[in-house]
Amino acid sequence: MLRLTIDGNEIELYENEPVNLSYQFSNLQEINASSSNFSQTFRVPLTKKNQDYFGPVNEFGLIPNWDPKTKVDAELSYNTIPVMRGFVQVKAIYVQKGKYADVELVFFGETANLSRDIGDAMLTDLDLSAYDHTLNATNIEASWSGSLSSGAIRYGLPDKGQNWFANQTDNIWSTSNPLEHGDFTPYFRASKLLEEILDGAGYEMDSDFFTRQSGLYLLMNNGHRSVIGTDNPETETMLVGLTTDLTGLTAHNPGAAITAWSESTPFYDTGSNFSGGSTFTAPFRAFYTFKINLYGRTNDTTHEFSIVLQKTSVTPAQTVWDIFDGDYPGALFNDQVHNFTSDPILLNAGDTVRMFYEMANSGHTLNLDGDNTISPQSTWWQVFDITDPSSGQTVDVEANMPEMKQIDFVSGLQKMFNLVFIPDRNNPKKLYIEPFNDYIASGTKKDWTNKIDLTKDITIQPTTDLQSRQYEWTHSNGKDLVNDLVFKNAARVYSRYRVDDPENDFASGNKEIKSPFAPHVASYIPGTNYAVHRMLVDTEQADKRIKNPLPRLAYWNGTPAGEINYYEDDNSTVVTDTDYPAFSQYSALNATITNEDLGYGPERPFHIVQANPLNTLYYKYWSPFVNQLYSSDARKLTAFFRLTRSELATFEFSDKIYLKDTYWRILSISYDATSDDLVKVELLKVLSDIRDCTWLPIAINKATGEIQFENATGLQTYTLSALFSSCCTKYGYVHDATAQRCYQPFEQ
């Protein structure tokens with residue numbers, strides 16, 4: 001007997017009303033699809049017991065208890081055996097003869113809930129405060145060893161707008177030009193972020209795959225040059241000016257500070273950092289940009305004067321900005337608007353600066369106009385811009401996340417690694433997440449040969465109706481230097497992979513599997529051997545940052561050799577390290593054939609590797625599925641089976657179903673849950689492993705650069721004739737027809 005419970009309340013059913021259920025394998029893959037396991041619509045009578053739950057839904061003028069906008073837990077069971085868990089939706093109310101009423105329902109399985117429970121929340125909406133930490137050398141170094149937040153955060157060196165390069169006179173990262181703490185950038189472990197997203201939506205995760213993928217990280221940057229902390233630079237700006245004309249400034253050597261600046265309206269000091277009418281105190285270590293507007297005159301047009309910004313927290317005071325550098329003639333100054341903006345100036349927390357003037361000759365005067373306005377004909381100066389603090393602040397982890405919806409991060413991982421999401425039968429809020437290949441390999445073998453109903457038609461079809469003419473796997477265009485170069489020259493995203501089936505006259509349409517992530521391509525900093533991700537815009541402008549960069553995933557590559565110098569915690573001494581932290585699209589920076597590649601297809605790298613990895617996303621996670629679908633031996637079978645309710649309650653889509661002499665896997669199951677009638681099952685033929693190519697690369701001869709191959713029988717060779725040259729080029733290598741050898745190409 002079929003039972004329906006909604007929010008713990010048993011609902012009375014019509015005895016003979018069919019409740020047709022449908023289970024589909026595609027629901028395990030398309031986690032943000034609108035459909036799921038479901039029932040056809042069915043009716044329940046509005047009995048007194050049912051009306052106690054739904055309320056007077058049949059009364060036109062009354063408000064019922066049931067809220068059609070709210071999901072509530074529901075369960076279908078048959079003789080105590082759970083059939084489906086999920087929720088119901090009221091579709092309509094039918095009133096017959098003004099007396100009898102039915103409630104039309106549809107039942108949805110639990111797999112539809114994940115996308116809805118996560119909703120439209122962004123990564124920045126997560127509560128990641130448990131991972132907040134101080135931005136200093138100690139924590140940056142701890143991240144490299146995996147001891148910062150147990151390895152959840154590691155710091156790398158992507159170029160986020162610094163536009164690093166080296167030449168003979170200006171070597172990067174030297175003791176005289178060390179790295180700021182803010183030049184380093186945190187990456188967050190992808191598996192931990194996925195766990196946080198699911199936890200926030202009320203789910204838990206069980207995944208052997210993500211346990212193995214502990215080296216996969218998300219770049220934490222949303223367009224800022226430095227790391228975002230709890231200190232907000234926007235609240236620390238100031239603009240001060242003259243309320244009246246300032247006359248008779250006569251100070252000769254050693255000059256004097258201007259002390260008549262006002263911070264009162266229309267001027268301001270948002271961070272209370274200005275004092276004494278003269279001095280701005282830096283609230284934290286950062287780069288400060290100043291602007292000044294000068295309007296006035298001197299009493300002698302033939303002599304010079306200077307106005308500079310001085311740092312007074314050091315002895316002697318240090319000039320950090322020459323506004324008028326001491327040889328500016330009064331004739332060019334008088335009654336002219338002079339508006340200047342400084343280069344970014346590095347100040348430590350507590351550093352003080354002031355405006356300082358000096359007349360070149362005694363007896364000469366400088367007059368500055370001030371009318372209590374921020375106008376060109378008045379005199380004022382301001383802290384125009386402050387970067388995020390470059391050291392010492394508390395890193396706000398969620399604020400550094402790229403602009404991305406949480407569900408897009410989850411579905412992006414699915415599109416990369418061909419993941420399936422399997423709810424636990426006893427707890428739909430617990431998800432088993434594994435790649436399709438691993439899930440299918442874990443299935444139980446079951447013999448259904450004697451369960452098939454031979455009195456019904458058995459349909460065997462080729463898979464041509466499941467195929468598209470063209471499949472394309474691609475990331476999104478990151479618009480940085482390297483990605484943009486590839487896109488403009490090749491009209492595609494870096495590491496795209498395409499499968500065409502021109503031999504199938506019946507296949508039609510194109511299918512694109514597109515991840516929301518941009519390729520994290522490592523390339524050399526000009527003039528160096530440092531391979532980093534250069535997240536720069538190709539522009540002549542000084543600011544080369546990507547303002548709203550797409551999210552990027554990368555593998556932690558450890559700390560390869562390469563000297564870097566950076567400030568110690570106190571920002572006064574410099575640390576020299578012989579290694580630098582590296583991230584790339586490969587599971588090892590100096591990748592070889594057996595490593596993993598976060599590109600869908602093989603692509604010529606922009607830094608030296610031993611050999612392109614065989615294990616691209618397409619080859620490792622998608623090709624077994626696609627190769628079986630496109631095989632000329634592929635078949636789909638539709639038949640009716642006599643299955644018990646216990647068998648229906650315990651089947652898995654990973655099961656291998658044996659029919660006579662062939663194994664099949666389940667695509668869909670449909671049946672009437674109110675009866676023991678036949679069950680309609682669609683199955684796909686399980687083919688033995690189909691090789692991606694006759695010869696597969698297995699190693700490289702480092703001395704010669706030749707690629708070694710192996711066939712299905714285990715025969716190994718370096719010789720590859722022209723007949724099998726495609727087994728070379730499809731994995732990104734170069735085939736030499738004369739030598740009948742295959743070689744790793746040089747980096748781009």
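Residues take their numbers from the sequence shown, with the count starting at 1.
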### Message
Around atom CG of N489, are there more than 12 heavy atoms from other residues, nucleotides or ligands closer than 6.0 Å?
### Response
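Yes, because the 6.0 Å sphere around CG of N489 holds more than 12 heavy atoms from other groups.
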### Message
Tell me if the aromatic rings of F324 and H338 count as close, with their centers under 6.0 Å from one another.
### Response
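Aromatic pair counts; centres sit under 6.0 Å.
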### Query
Given the rule in the side-chain hydrogen bond (donor to acceptor under 3.5 Å, both in side chains) test, do T616 and D597 qualify, once you have shown the distances and angles that lead to the verdict?
CA-CA 5 Å; T616 60; D597 182 352; over 6 Å; no
### Message
Please tell me whether Y187 and F583 form a close aromatic pair, meaning their ring centres lie under 6.0 Å apart.
### Response
yes
### Message
Looking only at the side chains, is there a donor atom on one of S572 and D570 sitting less than 3.5 Å from an acceptor on the other?
### Response
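Yes, D570 and S572 have a side-chain donor paired with an acceptor closer than 3.5 Å.
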### Query
Could you state the interatomic distance from OG (S145) to CZ (R154), rounded to the nearest 0.5 Å?
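Answer rounded to 0.5 Å: 7.5 Å.
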### Task
Could you tell me the separation between the CD1 atom of I292 and the CD1 atom of I307, rounded to the nearest 0.5 Å?
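If we round to the nearest 0.5 Å, I292:CD1 and I307:CD1 are 6.0 Å apart.
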### Query
Is the gap between the ring centers of Y494 and Y600 under 6.0 Å?
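No, the ring centres sit 6.0 Å or more apart.
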### F209 atom CZ: more than 12 heavy-atom contacts under 6.0 Å
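Count over threshold, so yes.
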#### Entry: Proximity of W261 and F274 rings by center, below 6.0 Å
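Here the rings of F274 and W261 have centres that are no less than 6.0 Å from each other.
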### Query
Does a side chain donor of either N565 or S174 reach within less than 3.5 Å of an acceptor in the other side chain?
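No donor-acceptor contact under 3.5 Å links the two side chains.
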### Message
Can you confirm whether or not the ring centre of H133 sits under 6.0 Å from the ring centre of Y155?
### Response
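Ring-ring flag for H133/Y155: true, centres closer than 6.0 Å.
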### Message
Can you confirm whether more than 12 heavy atoms, excluding those of K311, are under 6.0 Å from its NZ atom?
### Response
yes
### Query
Distance from Q393 atom CD to D132 atom CG, nearest 0.5 Å?
10.5 Å
### Query
With ring centroids as reference points, do F184 and Y566 lie under 6.0 angstrom apart?
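Judged by ring-centre distance (under 6.0 Å), F184 and Y566 do meet the cut-off.
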### Message
Going by ring pair (Phe, Tyr, Trp, His ring centres under 6.0 Å), name the residues that satisfy it together with W380, two or more places apart in sequence or in a different chain.
### Response
none
### Value rounded to 0.5 Å, distance of NE2 in H475 from CD in Q585
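Result: 8.0 Å between the selected atoms.
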### Message
Can you confirm whether more than 12 heavy atoms, excluding those of E403, are under 6.0 Å from its CD atom?
### Response
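Check fails, neighbour count at 12 or below.
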### Message
More than 12 heavy atoms of other residues, nucleotides or ligands under 6.0 Å from NZ of K405: yes or no?
### Response
no
#### Entry: Side chains of N483 and N477, donor plus acceptor under 3.5 Å
no
### Message
As an exercise, state the distance from CZ of F290 to CG of L239, rounded to the nearest 0.5 Å.
### Response
12.0 Å
### Gap between atom CG of D231 and atom CZ of R285 - 0.5 Å precision
14.5 Å
### Centroid-centroid under 6.0 Å between Y217 and F188 rings
no
### Query
Would you say the side-chain atoms of Y621 and E596 include a donor-acceptor pair closer than 3.5 Å?
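There is such a pair between these side chains.
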